[in-house]
Peer 1: 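Sharing a structure here in structure tokens format.
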Number of protein chains: 2
Amino acid sequence: MKIDPNSSADLSAQIAQAIKDAIVSGDLIVDQRLPSEAELSDQFQVSRPTVREALKRLAAQSLIRTQRGATGGAFVNRLSFEEAYSQQITTSTLLLSMNSVSFDTACEARYALERACAPLSALRRTPDQLATMRAEIFRQAQPSLTDEAFCASDVAFHRALVDGAANPVLSYQLAGSVEAMQPLMNMITFSARSREKIISLHSQIADAIEAGDGEAATLGLKDLESETRSLAASVFAARAAQK
Amino acid sequence: MKIDPNSSADLSAQIAQAIKDAIVSGDLIVDQRLPSEAELSDQFQVSRPTVREALKRLAAQSLIRTQRGATGGAFVNRLSFEEAYSQQITTSTLLLSMNSVSFDTACEARYALERACAPLSALRRTPDQLATMRAEIFRQAQPSLTDEAFCASDVAFHRALVDGAANPVLSYQLAGSVEAMQPLMNMITFSARSREKIISLHSQIADAIEAGDGEAATLGLKDLESETRSLAASVFAARAAQK
DNA sequence: AATTTTTTATTTGTCTGACATTTAAAAGTC
DNA sequence: GACTTTTAAATGTCAGACAAATAAAAAATT
């Protein structure tokens with residue numbers, strides 16, 4: 001692992017990259033201890049604060065964890081699915097909000113991916129996951145529910161559907177799509193009638209999942225997508241007309 | 001934005017989180033300049049090195065960029081799709097390698113998601129993207145190609161297919177699935193016969209995409225998935241028997 | 001007056017050295 | 001042997017300094 005002191009890039013960035021490469025390539029394995037900050041500053045011929053900045057960069061990506069004390073130090077961190085989920089959600093959310101991605105684009109991506117999970121979920125969902133879907137449908141039917149809570153329940157419903165596929169990699173990928181849509185969905189006001197329609201489609205999907213009928217679930221999701229998009233279109237149109 | 005000096009968490013982590021929250025919530029908008037390091041250390045009542053560690057954490061996530069000089073400072077960074085892609089690929093790769101995700105699980109997720117793109121790609125792919133797919137198929141037919149180069153070409157083929165959907169959010173999500181599979185695929189040796197089969201399926205898929213037949217493309221991907229999985233199974237079985 | 005050059009102020013990047021805090025192992029004590 | 005104390009090693013934090021980059025302001029030149 002070498003760095004170039006004459007490079008234009010920050011030393012801390014170079015050091016972080018060098019260590020990151022070692023982790024990704026497998027030179028450093030999970031739970032392996034890195035040299036102490038003092039040793040690293042010797043190796044790279046930089047000061048300790050610079051090494052520390054590099055280590056903080058890695059810690060921010062959950063690539064390492066640090067521990068104080070006699071046997072402490074920086075250790076290569078096992079990237080857990082949970083950590084990856086939350087990173088994914090943050091990144092997706094920012095990506096959508098900062099690049100003014102249209103509702104349609106985000107919606108299309110989300111439902112395309114979700115339909116990919118439906119057949120698997122129809123085969124593998126646990127009774128518990130099905131129960132969660134039913135419970136969320138019930139919750140959605142409460143008229144006292146705010147629009148935000150309705151959206152949150154919607155996310156929980158779809159999360160259960162996706163998790164039903166029993167494929168953690170799929171769940172990880174979908175987490176971003178589903179959750180990052182929530183801020184966009186929150187911009188929509190749900191009338192009693194539109195809620196009714198959505199709930200009915202949710203029931204239809206849950207029925208298909210319960211029956212193990214992946215095709216029917218996929219069709220239900222297709223309907224839900226067009227319903228969501230037309231609903232959003234009318235809300236946005238109404239808002240534009242108001243101006 | 002406040003931090004708790006008595007918390008167990010590192011001060012730099014708390015400060016980074018506070019600023020991150022401000023960015024995600026929209027309190028800080030793209031290209032907005034953060035206070036200088038000196039001002040931040042005043043505000044948070046910590047030393048400058050601590051502030052710097054916090055800023056490096058944010059820089060590692062591409063949330064800010066820094067600039068030296070009189071009008072320099074730290075600025076909220078627009079998270080570009082390119083940056084998000086590469087983050088996504090790194091995270092997915094590590095997730096798979098560190099959690100010993102099975103080939104089947106990764107493969108299933110990858111093809112499930114890719115099938116979701118196929119119908120859209122059949123409708124929208126540009127001539128250029130189709131040409132890329134054809135070119136990669138041609139490359140794959142060269143017998144001199146190493147197994148690694150064959151895999152790389154495979155990734156390029158599928159990348160073109162996914163990009164054909166003309167939905168950047170989909171492309172972003174798929175980038176992880178497709179590219180993170182490559183290290184797993186690289187563990188497989190491709191015999192002349194298995195290459196022939198894969199190339200034929202690729203052609204079939206490209207034909208379907210060219211004809212605008214999403215359903216046929218989806219079926220081709222299904223076949224490709226089972227072919228890939230049975231190929232992997234036999235390679236792994238042979239390797240196990242050799243021991 | 002316009003242009004070029006020089007100066008200056010501001011900000012990040014890096015270094016040195018120090019002390020605080022945490023933690024586990026070693027040493028000491030009963 | 002079990003418990004307590006000490007010690008050493010590591011990260012976390014701080015203070016102050018200088019280097020380097022950069023743009024604006026000031027000065028010099030044409």
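The structure presented is a predicted model; accordingly, all values stated were derived computationally and were not measured. Numbers restart at 1 for each chain; the letters A, B, ... are given by sequence-line order, proteins then strands.
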Peer 1: Which residues satisfy the side-chain hydrogen bond (donor to acceptor under 3.5 Å, both in side chains) test with A:Asp163, sequence neighbours excluded?
Peer 2: A:Ser171
Peer 1: With the threshold set at under 4.0 Å for non-hydrogen atoms, list the residues of residues 15-23 of chain A touching DNA chain C in residue-number order.
Peer 2: none
Peer 1: With B:Thr93, which residues qualify under side-chain hydrogen bond (donor to acceptor under 3.5 Å, both in side chains), at least two apart?
Peer 2: none
Peer 1: Pick out which of B:Gln142, B:Glu148, B:Gln140 makes a side chain to side chain donor-acceptor pair (under 3.5 Å) with B:Ser153.
Peer 2: B:Gln140
Peer 1: So, using side-chain hydrogen bond (donor to acceptor under 3.5 Å, both in side chains) as the criterion, who are the partners of A:Gln17 when residues are at least two apart?
Peer 2: A:Asp21
Peer 1: With sequence neighbours left out, what residues match A:Arg78 under salt bridge (charged side-chain N to carboxylate O under 4.0 Å, His left out)?
Peer 2: none
Peer 1: List for me each residue that meets side-chain hydrogen bond (donor to acceptor under 3.5 Å, both in side chains) alongside A:Arg239, sequence neighbours excluded, and say none if there are none.
Peer 2: none
Peer 1: Quick one: ring pair (Phe, Tyr, Trp, His ring centres under 6.0 Å) partners of B:Phe236, sequence neighbours excluded?
Peer 2: B:Phe103
Peer 1: Would you be so kind as to tabulate the donor-acceptor pairs closer than 3.5 Å made by side chains of residues 175-184 of chain A, with sequence neighbours excluded?
Peer 2:
unit_1   : atom_1 : unit_2   : atom_2 : d
A:Ser177 : OG     : B:Gln173 : NE2    : 3.1
A:Glu179 : OE2    : A:Arg159 : NH1    : 2.7

Peer 1: First contact, last contact: which nucleotides of DNA chain C are these for chain A, 5' to 3', heavy-atom distance under 4.0 Å?
Peer 2: C:dG13 to C:dA24
Peer 1: Summarise how protein sits on nucleotides 5-14 of chain D as a single string, 5' to 3': B when a protein heavy atom is under 4.0 Å from the base, S for sugar-phosphate-only contact, - for no contact.
Peer 2: ----BSBBBB
Peer 1: Sequence neighbours excluded, which residues qualify as ring pair (Phe, Tyr, Trp, His ring centres under 6.0 Å) partners of A:Phe44?
Peer 2: none
Peer 1: Who pairs with A:Phe157 by ring pair (Phe, Tyr, Trp, His ring centres under 6.0 Å), at least two apart in sequence or on another chain?
Peer 2: A:His202
